[in-house]
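Here's the structure we're looking at; comments come further down.
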Amino acid sequence: MRTIFSALSIVVLFACAAAYDPLDPTGNITIKWDVMSWTPDGYVAMVTMNNFQMYRHIMSPGWTMGWTWAKKEVIWSMVGSQTTEQGDCSKFKGNIPHCCKKTPTVVDLLPGVPYNQQINNCCKGGVLAAWGQDPASAVSAFQVSVGQGGTSNRTVKLPRNFTLLGPGPGYTCGPAKIVPPTNFLTSDRRRKTQALMTWNVTCTYSQFLARKHPSCCVSFSSFYNETITPCPSCACGCENKRNKCVKSDSKLLSVVGVNTPRKDNSPLLQCTHHMCPVRVHWHVKANYKDYWRVKLALTNFNYRLNYTLWTLVVQHPNLNNVTQVFSFDYKPIVPYQSVNDTGMFYGTKFYNDQLMEAGPFGNVQSEVLLQKDQNTFTFKQGWAFPRKVYFNGEECMLPPPDTYPFLPNSANGNLIGYSTLIIWAVFLLFIMH
């Protein structure tokens with residue numbers, strides 16, 4: 001029994017450690033409940049979800065939120081969202097609640113719903129941008145009218161067991177905690193009001209909980225070596241490879257509807273040795289006196305999914321001196337003030353902010369010009385390649401370091417020249433004596 005408990009403790013500790021992202025240590029999704037008014041049998045609350053993650057967003061089909069009521073609460077009505085099931089409301093007569101389930105599941109409304117069903121920051125189909133990419137679109141909200149609950153700060157019981165899918169698993173939510181009431185400014189900004197009661201729920205993401213394998217991989221190449229370092233074999237898992245992938249020249253790809261996403265978001269991958277939905281390629285393209293140039297290419301191998309509002313995060317010591325980024329937008333990520341070695345690349349709006357499904361248009365590319373620091377710059381020992389790469393907040397698998405494109409011996413320049421001179425000098429001294 002003690003052995004089982006120890007094993008479970010290790011798993012829990014590992015999952016908690018995986019939820020901590022050193023490149024975004026304060027990243028989380030905060031769900032805030034503001035009680036705006038009391039009703040005869042409950043309250044009306046504004047629920048706001050803020051995505052404070054710098055580079056991880058929630059893509060279509062969007063977020064799904066759930067919780068467990070502490071008492072026998074029901075949801076009389078909602079604005080800006082809806083529950084997926086009504087539940088058993090047979091004991092009610094006349095006015096029927098929107099949802100009577102003990103554990104309601106809530107989803108965002110789709111764009112274009114009637115105005116009387118909308119509220120500020122609602123109705124985006126559950127899509128939530130990353131805070132570092134677009135703060136204005138990193139918020140979602142809805143209004144809920146709760147019945148058969150408390151009617152004062154003392155009698156309200158906070159919901160518990162919060163869950164969040166975004167859109168799949170990976171998020172773990174803590175308990176609801178009462179915080180100081182939220183302040184609001186009126187439209188003329190001359191009067192301040194506040195919520196009657198406020199509580200927060202914090203949800204953090206763990207790639208360990210989200211999936212068994214990585215969802216992306218990285219390959220390398222350089223101008224100084226003809227060798228191309230591919231993604232590691234089976235980097236994203238090769239289970240049932242024959243049944244879950246199609247070749248690029250397969251007749252199946254000409255079938256109407258092959259690119260239509262499935263309800264369970266199951267992928268249709270192109271058959272590759274790495275079996276990853278996305279590959280990131282880093283090519284050291286050119287070397288100048290004071291600068292060097294890198295080409296970045298992202299390729300989608302999933303025929304059923306395009307990536308809207310994609311993000312690419314790279315960790316490399318020379319990102320502290322980026323001169324110019326072509327085709328992509330760029331933003332430094334500095335979680336620690338003393339270190340500036342991480343940056344986020346993302347598509348330019350309405351130009352290449354969507355990575356299309358696998359096929360001739362399923363890739364985006366850019367180039368980066370970096371200024372050299374003569375004290376640290378080198379092409380030796382794989383220094384020119386990134387330390388970490390994330391796509392859409394998921395860490396990608398890098399090739400083994402011993403497979404990186406190496407610098408040819410002829411390029412070692414002065415080091416080899418000095419070594420040769422020393423050998424010849426020793427040889428001449430030996431002959432003379």
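As the structure is a computational prediction, the values presented were derived from the model and not from experiment.
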Distance only, no hydrogens: is a donor on one side chain within 3.5 Å (strictly under) of an acceptor on the other, for [X] and [Y]?
X: S233; Y: H273; result: no
X: D329; Y: Y351; result: no
X: T30; Y: N200; result: no
X: W63; Y: S140; result: yes

Show every salt bridge (charged side-chain N to carboxylate O under 4.0 Å, His left out) that has at least one partner inside residues 210-226, sequence neighbours left out. R211-E394, K212-E239

Which atoms form the tightest heavy-atom contact between [X] and [Y], and what is the distance?
X: G382; Y: R387; value: O-NH1, 4.1 Å
X: P399; Y: F220; value: CD-CE1, 3.7 Å
X: P277; Y: S215; value: CD-O, 3.2 Å
X: R191; Y: T193; value: NE-CG2, 3.8 Å
X: A141; Y: C122; value: O-CB, 3.3 Å
X: N320; Y: N340; value: CB-O, 3.0 Å

Between [X] (side chain) and [Y] (backbone), is there a donor-acceptor pair under 3.5 Å?
X: N363; Y: L298; answer: no
X: D108; Y: S81; answer: no
X: H57; Y: T308; answer: yes
X: Q207; Y: E395; answer: yes
X: T229; Y: T403; answer: yes
X: Q270; Y: C245; answer: no
X: T272; Y: M275; answer: yes
X: T48; Y: K32; answer: no
X: K192; Y: N183; answer: no
X: R56; Y: F52; answer: no

Scan D24, V313, L319 and name whichever one has a side-chain contact (heavy atoms from CB on, under 4.5 Å) with T342. V313

Going by the side-chain contact (heavy atoms from CB on, under 4.5 Å) test, name the single residue among N161, T163, V106 that passes it with W67. V106

Derivation of the side-chain contact (heavy atoms from CB on, under 4.5 Å) call for S327 and N352: CA-CA 8 Å; S327 302; N352 57 2; 4.2 Å; yes

Non-hydrogen side-chain atoms of [X] and [Y] separated by less than 4.5 Å:
X: V284; Y: F223; answer: yes
X: P22; Y: K388; answer: yes
X: M78; Y: Q143; answer: no
X: I58; Y: I29; answer: yes
X: F391; Y: C396; answer: yes
X: C203; Y: I31; answer: yes
X: N318; Y: D373; answer: no
X: I75; Y: P104; answer: yes

Working to the nearest 0.5 Å, report the span between [atom1] of [X] and [atom2] of [Y].
X: L309; Y: Q354; atom1: CG; atom2: CD; answer: 9.0 Å
X: L269; Y: R304; atom1: CG; atom2: CZ; answer: 9.0 Å
X: W33; Y: W199; atom1: CH2; atom2: CH2; answer: 6.0 Å
X: N225; Y: F406; atom1: CG; atom2: CZ; answer: 5.0 Å
X: T198; Y: M36; atom1: OG1; atom2: CE; answer: 8.5 Å
X: L407; Y: T378; atom1: CG; atom2: OG1; answer: 7.0 Å

Check the surroundings of atom [atom1] in [X]: do more than 12 heavy atoms from other residues, nucleotides or ligands lie under 6.0 Å from it?
X: Q117; atom1: CD; result: yes
X: N120; atom1: CG; result: no
X: Y288; atom1: OH; result: yes

Assess whether side-chain hydrogen bond (donor to acceptor under 3.5 Å, both in side chains) is satisfied between W131 and N50, documenting all intermediate values. CA-CA 8 Å; W131 184 262; N50 285 286; over 6 Å; no

Which is it for F142 and V79 under the side-chain contact (heavy atoms from CB on, under 4.5 Å) test, yes or no, and what are the steps along the way? CA-CA 6 Å; F142 61 87; V79 181; over 6 Å; no

Between H283 and H281, how do the two ring planes meet: parallel, tilted or perpendicular, split at 30° and 60°? parallel

Less than 6.0 Å separating the ring centroids of [X] and [Y]?
X: W310; Y: Y346; answer: no
X: F301; Y: H274; answer: yes
X: W292; Y: H316; answer: yes
X: F379; Y: F377; answer: yes

Could you walk me through whether L164 and F162 pass the side-chain contact (heavy atoms from CB on, under 4.5 Å) check? CA-CA 7 Å; L164 178 65; F162 278 85; over 6 Å; no

Does Y336 form a side-chain hydrogen bond (donor to acceptor under 3.5 Å, both in side chains) with D341? I'd like the steps, not just the answer. CA-CA 10 Å; Y336 314 102; D341 64 353; over 6 Å; no

SG of C217 to SG of C276, below 2.5 Å? no

One pair to check against salt bridge (Lys or Arg N to Asp or Glu O under 4.0 Å): K295 and E367. What are the steps and the verdict? CA-CA 4 Å; K295 183 174 182 178; E367 293 190 6; 5.0 Å; no

Apply side-chain contact (heavy atoms from CB on, under 4.5 Å) to residues V35 and V44 and explain how you reach the verdict. CA-CA 6 Å; V35 176; V44 176; over 6 Å; no

